[in-house]
Amino acid sequence: MNSIRIFPCEFFPTLIIIIPMKHLKRTKIVDILKLTPTNEIINVKGWVRSKRGNKNVNFIALNDGSTIQNIQLVVDVEKFGEEYLKPISTGACISVNGILVASQGQGQAVEINASEIHIYGEADPLTYPLQKKGHSLEFLREIAHLRPRTNTFSAILRIRHAMAFAIHNYFNNHGFFYLHTPIITASDCEGAGQMFQVTTMDLQHIPTDESGKVNFSEDFFGKPANLTVSGQLEGELGALALGSIYTFGPTFRAENSNTPRHLAEFWMIEPEVAFYEIEDNMDLAEDFLKYLIQYALDNCKEDLAFLNQMWDKELIERLEFVTNNKFIRLSYTEGIKILEEAVKNGHKFEFPVSWGTDLQSEHERYLVETHFKCPVILSDYPKEIKAFYMKLNNDNKTVRAMDVLFPKIGEIIGGSQREESYEKLKSRIEEMNIPLKDMWWYLETRKYGTAPHSGFGLGFERLLLFVTGMGNIRDVIPFARTPKNADF
RNA sequence: UCUUCAGUAGCUCAGUUGGUUAGAGCACCUGACUGUUAAUCAGGGGGUCCUAGGUUCAAGUCCUAGCUGAAGAGCCA
């Protein structure tokens with residue numbers, strides 16, 4: 001390393017002597033904390049969380065993001081000089097060589113006696129927005145470029161990584177293949193809300209035809225194109241060839257949703273499996289969610305403990321409850337009966353309950369949080385309130401849909417067994433006025449070698465809301481995209 | 001998009017029935033302190049009271065509109 005150390009000379013106070021800092025391979029704090037103290041010199045690099053002390057000795061709490069834990073640096077003030085240490089304030093980035101020793105203080109097992117310090121970057125205390133105190137989540141959202149440097153967000157981002165890894169791990173272990181479905185799609189029939197249009201046309205001079213309509217043949221793809229709202233339809237194509245696939249990618253919805261549970265850009269996991277009935281689909285969803293939550297409990301202990309202590313005292317308890325209890329499974333019809341019973345017994349809902357209407361948030365919350373106090377898988381909804389591709393039951397009234405409802409989050413998973421009959425699917429498409437010409441490829445999977453199959457979509461950030469205990473989805477993604485907000 | 005609530009120092013917030021020079025804690029700066037744990041102690045600086053109108057002798061405080069944020073609802077994962 002070409003780093004240097006500068007310090008004032010005793011005889012010529014203005015003279016600065018430059019000495020190359022001894023080059024050592026960096027050790028991450030997460031690994032340092034596992035070491036037993038020897039007399040070897042090690043190097044640590046990171047950002048200063050706090051500096052305290054007196055005329056003789058300074059204590060620097062350093063964090064490098066590898067763990068929520070800081071390493072304590074002990075700095076002899078006389079050795080470096082007050083002036084040199086001054087710019088090492090909260091937020092500054094430094095590289096330190098020193099000896100790892102057993103701590104003389106109470107708060108930590110080991111600490112580093114600093115012998116050389118190089119300052120990579122100062123952080124002017126007058127303007128650096130992060131202080132050594134708690135900040136509101138709303139304030140931190142306004143400084144999304146710096147919030148990963150806080151304990152809370154570094155914990156969330158490490159958990160986010162762990163969950164992404166665990167998702168791939170689970171599917172790989174279960175023989176699923178990761179299928180990359182397109183981000184840009186020219187089919188407007190994915191049926192999950194408003195789409196963002198993709199175009200290379202000059203919006204100031206849009207080409208039109210004789211009748212004044214937009215001439216999309218001049219656009220990049222020669223027809224209207226959008227960002228995907230779901231990889232499911234393509235996922236089905238994969239499942240009907242590879243057997244078991246999953247997608248895990250960004251998803252875009254141009255809905256004007258202003259809630260703590262919605263993002264315009266979010267990540268979704270969509271497994272799709274051939275020869276799966278709806279019950280198999282439920283088994284997969286339950287096993288998958290429990291695996292992920294258990295993975296977090298096993299591998300993100302310190303970060304979860306921090307979030308539990310800081311934001312949500314019941315977090316770990318709630319996670320353990322979910323892994324230890326079977327999800328309640330019941331049909332939409334049974335759910336309605338329970339809700340009607342509740343109304344009879346005096347429970348007041350803002351919206352009326354009756355068979356055939358979609359369940360409101362308050363109804364789902366009643367089932368999950370009040371009645372069962374447990375995750376619930378609701379299935380077999382009336383066909384009128386569900387998507388065209390869901391398999392019709394023999395009663396001709398309900399479809400094999402399933403929603404997994406979680407406490408605090410609501411719908412975390414939505415899925416179904418897919419309609420595999422060419423004729424039934426075709427007539428559903430026609431009933432819902434979806435243009436058949438755009439769906440020919442989807443229908444051909446039913447025309448040639450069709451098979452029963454099922455799948456679901458898991459909102460990655462909704463999973464993270466549950467696992468981290470955060471209340472707002474904008475706090476579990478590094479850079480949130482919501483209506484009127486695409487900064488950073 | 002609808003409903004409700006909020007916007008005062010860098011951050012978190014107090015500010016009485018409308019009444020003189022708008023406060024506190026933390027942060028920051030200066031000083032003290034021989035091992036601190038978001039160190040402590042003493043002192044200091046720091047304000048377009050969200051914006052624009054209006055009511056009033058007088059507005060941080062009341063009214064109207066807008067902007068921004070949050071919560072709930074709808075849409076959904």
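In what follows, chains carry the letters A, B, and so on, assigned in the order in which the sequence lines appear, proteins first and then strands, with residues in each chain numbered from 1.
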Which nucleotide, if any, forms a Watson-Crick or G-U wobble pair with [N], using both distances under 3.5 Å?
N: rU40(B); result: rA32(B)
N: rU20(B); result: none
N: rG25(B); result: rC11(B)
N: rA73(B); result: rU1(B)
N: rU68(B); result: rA6(B)

Tell me whether the OP1 or OP2 atom of [N] has a side-chain N or O from [X] closer than 4.0 Å.
X: Asn54(A); N: rG35(B); answer: yes
X: Arg141(A); N: rA70(B); answer: yes
X: Gln360(A); N: rG74(B); answer: yes
X: Arg52(A); N: rG35(B); answer: no

Only pairs at least two apart or in different chains count here, so list each side chain to side chain donor-acceptor pair (under 3.5 Å) that has a residue in residues 148-157 of chain A.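 Pairs touching residues 148-157 of chain A that pass the test: Arg49(A)-Asn151(A), Thr152(A)-Trp311(A), Ser154(A)-Arg158(A).
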
Got a donor-acceptor contact below 3.5 angstrom from the Glu286(A) side chain to the Asp283(A) backbone?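 Pair absent, no side-chain N/O of Glu286(A) close to backbone of Asp283(A).
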
Compute the ring centroids of His363(A) and Phe351(A), then answer whether they are less than 6.0 Å apart.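 Not close enough - the centres of the two rings lie 6.0 Å or further apart.
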
Between Asn393(A) and Arg400(A): side-chain donor-acceptor atoms closer than 3.5 Å: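 Distance-only check passes for Asn393(A) and Arg400(A).
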
When you measure only distances, ignoring hydrogens and angles, does the side chain of [X] come within 3.5 Å of the base of [N] through a donor and an acceptor?
X: Ser257(A); N: rC76(B); value: no
X: Asn58(A); N: rU36(B); value: no
X: His135(A); N: rC11(B); value: no
X: Glu111(A); N: rG35(B); value: yes
X: Arg261(A); N: rA77(B); value: no
X: Glu255(A); N: rU1(B); value: no
X: Gln104(A); N: rG35(B); value: yes
X: Gln72(A); N: rU36(B); value: yes

On RNA chain B, does the nearest nucleotide to Glu362(A) precede the nearest nucleotide to Arg474(A) from the 5' side, or the other way round? Give the residue.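 This one resolves to Arg474(A).
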
Taking the nucleotide of RNA chain B with the nearest heavy atom to each, does Ser103(A) or Arg365(A) sit closer to the 5' end?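 Looking at RNA chain B, the more 5' nearest nucleotide goes with Ser103(A).
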
Report the nucleotide, chosen from [options], that has the shortest atom-to-atom distance to any side-chain atom of [X].
X: His262(A); options: rU1(B), rC75(B), rG72(B); value: rC75(B)
X: Asn256(A); options: rA77(B), rC28(B), rU1(B); value: rU1(B)
X: Gln131(A); options: rG74(B), rG69(B), rA27(B); value: rA27(B)
X: Ser361(A); options: rA73(B), rA70(B), rC11(B); value: rA73(B)
X: Thr259(A); options: rG74(B), rG10(B), rC75(B); value: rG74(B)

With rounding to the closest Å, how many angstrom separate the P atoms on rA14(B) and rA6(B)?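 Result for the P pair: 10 Å, nearest Å.
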
Pick the P atom in rC63(B) and in rU16(B), then give their distance to the nearest Å.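 So the two P atoms sit 14 Å from each other.
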
Mind checking if Ile269(A) touches a base, just sugar-phosphate, or nothing, with heavy atoms under 4.0 Å?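 Here Ile269(A) touches no strand at all.
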
Hey, does Gly410(A) reach any base, or is it just sugar-phosphate, or nothing, if we go heavy atoms under 4.0 Å?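 Touches nothing.
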
Residue among Phe248(A), Tyr295(A), Tyr291(A), Phe176(A) satisfying ring-ring contact (aromatic ring centres under 6.0 Å, His included) with Tyr170(A):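 Going through the options one by one, the only one that passes is Tyr291(A).
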
Lys383(A) charged N/C atom sitting above Phe388(A) aromatic ring, 6.0 Å / 45°: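 Ring-cation test returns no.
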
Is the ring of Phe59(A) stacked on the base of rG35(B), with centres less than 5.5 Å apart and planes under 30° off?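 Aromatic stack with rG35(B) absent for Phe59(A).
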
